[in-house]
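Everything below concerns the one structure shown next.
Each ligand, and each atom within it, is numbered from 1 in the order the structure gives. As the structure is a computational prediction, the values presented were derived from the model and not from experiment. We count residues from 1, following the sequence as given.
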Amino acid sequence: MLSVKSLMTAVAVTALLMPASSYAGGTVEVLHWWTSGGEAKAVGTLKEAFEKKGGTWIDSPIAGGGGDAAMTALRARVMAGNPPAAVQLKGPGIQEWADQGSLNDVEDVAKAENWDSVLPPSLASIMKYKDKYVAAPVNIHRVDWMWVNPTVLAKVGAEVPTTWEEFNAVADKLKAAGITPLAHGGQPWQDATVFETIVLSQGADFYRKALVELDQDALSGETMVKVFDQLRKLRGYVDPGFSGRDWNLATAMVMNGEAAFQIMGDWAKGEFLAAGKVPGKDFLCAPTPGNGYIFNADSFAFFKVSGEDQVEGQKVLASLIMSPEFQETFNLAKGSIPARTDVGLDKFDSCALKSHEDLTASVKNNAFVPSMAHEMAIPRTVRGEFLDVVTNFFNSDMSSADAAKALGEAVKRAQ
Ligand code: BGC
């Protein structure tokens, strides 16, 4: 699991000057799930930079937020013996594919460019298999955010809430005024995203026990029952059309004033920005109640492909992803902050600065935790059990006590 201590060391890493990359050319097929407006803009910057280096980019986008459909497509491609050269992949998934012998390493690029000195060690260790880099990180997304339409909030004279009690009070007012309080897309990964922010509000220690260490008492105890109680409350604040809705359509509801809040990672900010909206004016970002930081880092892993052209393409892409210029350009569009610790944030907006500030504080306070919903914390199979229970709860009248019990049992079965 992630060592928060080592990340602390990393935040203090001094900037190093990097020689300009000597890699150029090659061909890569890139499998990713960045298909919303903001996401497409962000991945477009990578394609453009790769082509500028003389490379050939074969785009393989698989629609479906959160990447579940992309991972199904990936499995089919690997089984057919025809993997794409680069795949948007993260967390323990990287280790799982490496364990199966499916990944190429890009260690020569990483060594030449000294990646170890510019990445937080805990993030670097996710990218490595047997001490060699098999993936390159592009960013750090924060999951525990609320996206707020200030005009809608003003209609009921409300402030941005800082506790769930306050949130519920504001949501009740909005509902009474005929306004949808919470824009939500009823897909399992979105339900799990909201769920894990409520888990964090019960403390980072509880979060870690339940969603990282999979401790049975935490999974099925009283605190988890409270978490489900709040999730039940939120269920009452979504509109009747929530089922199956894509996350970016929920973001659009906040943007258009159809709803007041969305609880979503900062890829939602990419949507606001792509629509020309200004943070602090047209929309607000505020952490969900509680103290902590749920992180979700996107990265590309390099699959075993043959032929010089493709292997060269992997090296060019790896070098490009880790270049300071790319990390700046990409993250300005994506809504996240750079994975490299030495990229200046002068061009970034107030939400990104808040993310960086809270990241640093949460590392110090031991409240920096990996996302379960976004595959940073636990193996896919166990995550699947969480998603099933949380979604069943959200779409039924199951009691909170039954849900907590079911969660403990499901996780036990999957282990
Ligand atoms: C990814 C983001 C992506 C989001 C919605 C998350 O799991 O980390 O990069 O924007 O899913 O598709």
Side-chain angles (χ1 to χ4, degrees), residues 30-47 60-74 86-94 123 126-127 135-145 147 183-197 211 244-252 254 262-275 285 293-301 321 326-327 329-339 351-352 355 359 369-378 380 383-384 386-387:
V30 185
L31 190 144
H32 62 89
W33 66 88
W34 286 332
T35 55
S36 76
E39 291 175 331
K41 209 167 166 196
V43 74
T45 66
L46 184 55
K47 176 176 185 281
S60 286
I62 309 283
D68 290 305
M71 292 302 102
T72 305
L74 172 64
V87 177
Q88 188 189 345
L89 193 68
K90 49 193 177 177
I94 297 172
L123 192 54
I126 300 175
M127 304 297 135
V138 292
N139 64 5
I140 298 179
H141 269 305
R142 182 183 195 171
V143 177
D144 50 313
W145 279 123
W147 304 94
H184 181 65
Q187 296 173 343
W189 72 271
Q190 294 187 62
D191 299 338
T193 298
V194 172
F195 165 80
E196 73 182 13
T197 69
L211 303 191
R245 176 187 289 137
D246 286 330
W247 67 272
N248 52 319
L249 299 182
T251 309
V254 177
Q262 181 184 22
I263 294 170
M264 188 48 65
D266 41 23
W267 44 93
K269 192 183 78 185
E271 294 305 295
F272 284 103
L273 298 182
C285 56
Y293 189 111
I294 304 176
F295 79 94
N296 167 28
D298 286 307
S299 45
F300 281 94
I321 285 173
F326 168 73
Q327 294 247 330
T329 315
F330 175 85
N331 285 298
L332 282 170
K334 188 68 175 64
S336 37
I337 56 175
C351 301
S355 171
L359 184 155
V369 292
S371 168
M372 175 280 292
H374 296 276
E375 304 201 42
M376 299 300 299
I378 48 175
R380 257 189 98 67
R383 168 190 175 264
F386 274 97
L387 266 57

> Which option, K334, H32, M264, owns the non-hydrogen atom nearest atom 2 (C) of ligand 1?
Replying inline: K334

>> Test your reading of the model: is there a side-chain donor-acceptor pair from Q187 to the backbone of G66, 3.5 Å cut-off?
In response: no

> Which atoms of ligand 1 have any heavy atom of W247 under 4.0 Å away?
Replying inline: 5 (C), 12 (O)

>> How far is atom 6 (C) of ligand 1 from the closest protein heavy atom, and which atom is that?
In response: H374 ND1, 3.4 Å

> Of the protein's non-hydrogen atoms, which lies at the shortest distance from atom 10 (O) of ligand 1, and what is that distance?
Replying inline: E39 OE2, 2.4 Å

> Which word best sums up how the rings of W189 and W247 line up, parallel for under 30°, tilted for 30 to 60°, or perpendicular for over 60°?
Replying inline: perpendicular

>> Parallel, tilted or perpendicular: which one describes the rings of W34 and F330, with boundaries at 30° and 60°?
In response: tilted

>> List ligand 1 atoms under 4.0 Å from H141, heavy atoms only on the residue side.
In response: 9 (O)

> Is there a donor-acceptor contact under 3.5 Å from the side chain of Q327 to the main chain of I321?
Replying inline: yes

> With atoms numbered from 1 as shown, which atoms in ligand 1 lie under 4.0 angstrom from a non-hydrogen atom of N296?
Replying inline: 1 (C), 6 (C), 7 (O), 8 (O)

>> Check for me whether G67 has a heavy atom closer than 4.0 Å to any atom of ligand 1.
In response: no

> Out of W267, F386, W33, which residue meets the ring pair (Phe, Tyr, Trp, His ring centres under 6.0 Å) rule with H374?
Replying inline: W267

>> Please report whether ligand 1 has a polar contact with G65, defined as an N or O pair separated by less than 3.5 Å (distance criterion only).
In response: no

> Will you find, in the side chains of D298 and H32, an N or O donor that is under 3.5 Å from an N or O acceptor?
Replying inline: no

> Where the side chain of D266 meets the backbone of R142, is there a donor-acceptor pair that is under 3.5 Å apart?
Replying inline: yes

>> Among all the protein's non-hydrogen atoms, which is closest to atom 9 (O) of ligand 1, and how far away is it?
In response: D298 OD2, 2.6 Å

>> Evaluate K90 for polar contact with ligand 1, using N/O atom pairs at a separation under 3.5 Å.
In response: yes

